[in-house]
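This report refers to the structure that appears directly beneath it.
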Amino acid sequence: MPELAELKLTSDFVNGVVKDKVFTHISKNPEHKWMDVDFESPFTIESFSRGKEIKLVLESTETDKTDNLMMTMGMGGHFQWASRGESIKHTHLFFHCNDGGHLAFVDVRRFGKWKWGDWNKDRGPDPTTEYFLFCNNILQNLHKTAFDKPIYEVLMNQRYFNGIGNYLRAEILIRIPDENPFQSAREFINKRKWELFELCKDIPILVYEIGGGTLKDWKNPFGEVSSVRDFMKCYGNPAMEKLEDRGGRMFWYDPKWKN
DNA sequence: TGTTTATGCCGAC
DNA sequence: TCGGCCTAAACAC
C-alpha cells in the first residue's frame with residue numbers, strides 16, 4: 001500500500017476535506033464483497049493513522065454516539081472528494097455529505113478492508129508517533145523466534161514494524177550499508193538497534209514531508225508537494241540486486257551482499 | 001495480444 | 001508457508 005507515510009498523508013487529506021462537514025449516511029459499492037457499514041445521521045468524521053491502519057472516528061452531532069471505522073488501504077486504497085453529481089470509478093465506500101458531495105474510498109484492487117473497532121492489537125506501535133513504545137516492543141520480544149528470521153523479512157512483520165512495507169524496508173536497510181541484511185534480525189538488532197530504530201522513524205517522516213513515495217498505484221492526494229524525489233536509493237533501482245522473499249515480495253538490496 | 005508486475009493482508013492447509 | 005484476492009499499467013513479442 002501505501003505504507004506509513006502515505007497513510008499519514010491520506011489521513012491528513014481526509015481531515016482537510018471533511019472539516020466542518022456533516023454527513024448523512026454511508027453506502028457501499030455492491031461490487032465489493034466486504035461488509036456494509038452505516039452510521040446514525042447526522043455525523044462528523046475525523047481521521048487518524050497508526051502504521052498502516054486508518055481510524056475514522058464518526059460522531060453523531062445530536063447524540064453521544066461515536067464509533068471507529070478501522071480501515072486498511074491494501075495496495076492502492078485512498079480517498080477522494082466527489083462533489084454533487086460526480087462519480088469516481090472504483091469507489092467502494094461513499095460517505096454522503098449533506099451538501100450533496102461525498103468522501104469516496106477509492107480502491108482499484110479492492111484489497112482495502114474496514115470494520116468497526118479500534119487499533120488492531122496484532123499490530124505494533126507506530127515508529128513515528130509512538131517511538132518509545134515501538135523500540136520497547138521490539139526489545140522486550142527480541143528473544144522470540146520471530147527474530148530468528150533475517151532482518152529483511154522481519155522488517156515486514158507488522159507486529160513489530162507497523163507501517164514498514166516493501167519499499168521502506170529496502171530504503172532502511174540500504175542506509176546501514178555495512179550490515180548484511182540476510183543475517184538474523186536478532187543479531188542485526190543487537191549490533192545496530194538505535195540506527196535501525198531511528199531509520200524506521202526518520203525515513204517514513206522524510207517521505208511524509210516530501211509528499212509520499214513515487215509508487216505505481218498511489219498518488220499523493222494533495223498533488224506534488226516537493227521536488228525532492230531522490231530519497232529512493234534502493235527500491236526499484238536497476239543497479240540494485242533483488243530476490244523474491246518467502247512472501248512472494250521483491251526484496252531490493254545492495255549487490256555486494258549477493259552470495 | 002499476451003505476460004508480468006505492483007506499496008498488503010488473510011485464511012486454508 | 002502459500003495461494004488467493006483484484007485491476008490496470010508497463011512490458012514483451
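Just so we're clear, the structure is a prediction, and the values are computed from it rather than from any experiment. Proteins get letters first, then strands, A, B, ... in listed order; numbering begins at 1 in each.
Atom CG of A/D122 is separated from atom C1' of B/dG11 by 14 Å (rounded to the nearest Å). As rounded to whole Å, 14 Å separates atom C1' of B/dC10 from atom CZ of A/R159. Between the CD atom of A/E6 and the P atom of B/dA6 there is a distance of 16 Å, given to the nearest Å. Counting to the nearest Å, the C1' atom of B/dT5 and the CZ atom of A/F251 are 19 Å from each other. With rounding to whole Å, A/N166 atom CG is found 8 Å from B/dA6 atom P. The nearest whole Å value for the distance from the CZ atom in A/R109 to the C1' atom in C/dC6 is 6 Å. Summarising the geometry, the separation between CZ on A/R246 and C1' on B/dC10 is reported as 19 Å, rounded to the nearest angstrom. Rounded to whole angstrom, the span from the CG atom of A/L243 across to the P atom of B/dT5 amounts to 14 Å.
Within the 4.0 Å cut-off from OP1 or OP2 of B/dG8, at least one side-chain nitrogen or oxygen of A/R249 is found. Residue A/H90 places at least one side-chain N or O closer than 4.0 Å to OP1 or OP2 of C/dA8. Remark: A/K89 is not in phosphate contact with C/dT7, judged by side-chain N or O atoms under 4.0 Å from OP1 or OP2. Residue A/K113 places no side-chain N or O under 4.0 Å from the OP1 or OP2 atom of C/dC6.
Taking atom P on both nucleotides, C/dC5 is separated from B/dC13 by 13 Å, rounded to a whole Å. Nucleotides B/dT1 and C/dC6, compared at atom P, are 26 Å apart to the nearest Å. The gap from the C1' atom of C/dA8 to that of B/dC10 amounts to 23 Å, rounded to the nearest Å.
The aromatic ring centroids of A/F182 and A/Y253 lie less than 6.0 Å from each other. Between A/F197 and A/Y131, the gap from one ring centroid to the other reaches at least 6.0 Å. Taking the six-membered ring for Trp and the full ring otherwise, the centers of A/F95 and A/F23 sit at least 6.0 Å from each other.
Taking a 6.0 Å sphere around NZ of A/K55, one finds it holds more than 12 heavy atoms contributed by other residues, nucleotides or ligands.
The side chain of A/K33 sits closest to C/dC6 out of C/dT7, C/dC6, B/dA6. For A/R110, whose side chain is taken as the heavy atoms from C-beta onward, the closest listed nucleotide among B/dC9, C/dT7, B/dA6 is C/dT7. The side chain of A/K52 has B/dG8 as its nearest neighbour among B/dG8, C/dC6, C/dT1. Taking every side-chain heavy atom of A/R123 into account, B/dC9 is the closest of C/dC6, B/dG8, B/dC9.
A cation-pi arrangement is present between A/K21 and A/W81 under the rule of less than 6.0 angstrom and at most 45 degrees off the ring axis.
Contacts of A/K242 with the nucleic acid, taken as non-hydrogen atoms under 4.0 Å apart, are absent.
Along DNA chain B, the nucleotide nearest A/G248 and the nucleotide nearest A/K115 are compared for position; the residue whose nucleotide lies closer to the 5' end is A/G248.
Under the stacking criterion of a centre-to-centre distance below 5.5 angstrom and an interplanar angle below 30°, A/F111 sits stacked against the six-membered ring of C/dC5.
With contacts defined as side-chain heavy-atom distances shorter than 4.5 Å, the pair A/M70/A/W114 does not qualify.
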